[in-house]
Structures are given as C-alpha cells and as structure tokens.
Amino acid sequence: MIDEAWYSDYLERYRRVLFGKEVYTCCRKLYEVAVRVRDNGNKFMVAGNGASASIASHVAADMTKQGGVPAITFHDPNLITMLSNDYGFEHWVEQAIEKYHRPGDAVILISSSGSSPNMVNAAAISEKLGLHVTTAVGFDNEGPLGQTGDINFVVDSKAYNVIENVHSIWLTMVVDMLVGNAEYSVK
Ligand SMILES: O=C(CO)[C@@H](O)[C@H](O)[C@H](O)[C@H](O)COP(=O)(O)O
C-alpha cells in the first residue's frame, strides 16, 4: 500500500546512501582527474546502458559546457548498431573506446548492477590502453565492474532508480566542483 510510511521509507533510501566520506573522496579524486584531463588537452568518454546512458549524456554535456572539460558519449544509433552488429553487443563500447581514445584520456562507466558485460569489457580495454577508469555502480558493489577501475562510486542500494539518481547527483556535483559553485549562469 502506498501510504505515508511507504513514502518516508522510499525517501529514507536516498538519505541513507547520498552522503559519506567515501563519496567526498571519490568526488575529489574525479575532480583532480578532470583538471588533469582539461589541462593536458584530453577528454572523458562516458558510457552506460538505459538510464545510465541518459546520465552519461547529462554528465558529458555539462562537463564540456559548464566544466570546460571535453567529454563524449557513444550512444549514437549509427555507432551502436554498427559496432554491435560487427563485434557483438557486449563489445560495442569497448570497440568505441578503442577507436576514439587518445593517450591520457579518461573513462567513466555507469552501471547500476555493475555486471553489464559491455561495461565490464569497456573497463578491461580501458585498463589495457592505460586510460584512467571511473566506475559508478550499485547493488553493494557485488558486480565485477566496481572491482576494476581507479575510482569507484558505489551506491549501497538495490533500487535501480535510487542508484541512478544518486549517480547523477554525485557525477554532476563534480561538474559543479569544476565550476566552483552550485549556482551559476548557464550562458
Ligand atoms: O532505467 C532503468 C531502470 O531504472 C533501466 O532503463 C536500466 O537503466 C536498464 O535496464 C539497464 O540496461 C540496466 O543496466 P545496468 O545499469 O545494470 O548496467
């Protein structure tokens, strides 16, 4: 039954996972990587499936426009269908990273389960190429993705929408750290 207790319990899930020293440490580390990427003329490549693809788009666009750090995503229909058709769905992100990367670039991989094979394979190729890898996962970090990577944002929840929204808050907070403010003109 959806009553006030349900509502309180639902929002309590956010309060429980949103804050914490580990979050601060991850955000500060990613901010430092972003400054290095910007100063060295490199870029971020950001990827995820479903809602995490939307988060990737939001983060990449704001990182570029507001944060001044170039960032791209790969989920253009042509690119997805071509690389999936030619190499398999589990390998299309890996192939995109392999083809688009330059030495010194950094990767952000977002997966609530932490076990989507295309994200896991993307982390493996990134590490092989020597790229800095940040992961954003959920589900108590039970999946393999959060065991790879240099920075791991972990949402301690099994609720998809909670995990996704918290990923969005944490990653866009890093954009605002680059701006240096929470409130600013977007023009
Ligand atoms: O929005 C949701 C669930 O809230 C879905 O679209 C979800 O993002 C998709 O099922 C994804 O494919 C799940 O993959 P992952 O995040 O676990 O890697």
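We number each residue from 1, following the sequence as shown. Counting starts at 1 for both ligands and their atoms, following the listed order.
Residues V137 and N152 are not in side-chain contact: their nearest non-hydrogen atoms beyond the backbone lie 4.5 Å or more apart. Counting only heavy atoms from C-beta outward, the side chains of L171 and I110 approach each other to under 4.5 Å.
Pairs of residues two or more places apart, or lying in two chains, that qualify as side chain to side chain donor-acceptor pair (under 3.5 Å) and include a residue from residues 76-92 are H91-E94. The list of side chain to side chain donor-acceptor pair (under 3.5 Å) pairs with a residue in residues 159-171, not counting sequence neighbours, reads Y14-N165.
For a heavy-atom separation below 4.0 Å, the residues in contact with ligand 1 are N49, G50, A51, S52, S111, S112, S113, S116, Y160, N161, E164.
Using a 4.0 Å cut-off between charged side-chain N and carboxylate O, R28 and E32 make a salt bridge.
For E127, there are no side chain to side chain donor-acceptor pair (under 3.5 Å) partners, not counting sequence neighbours.
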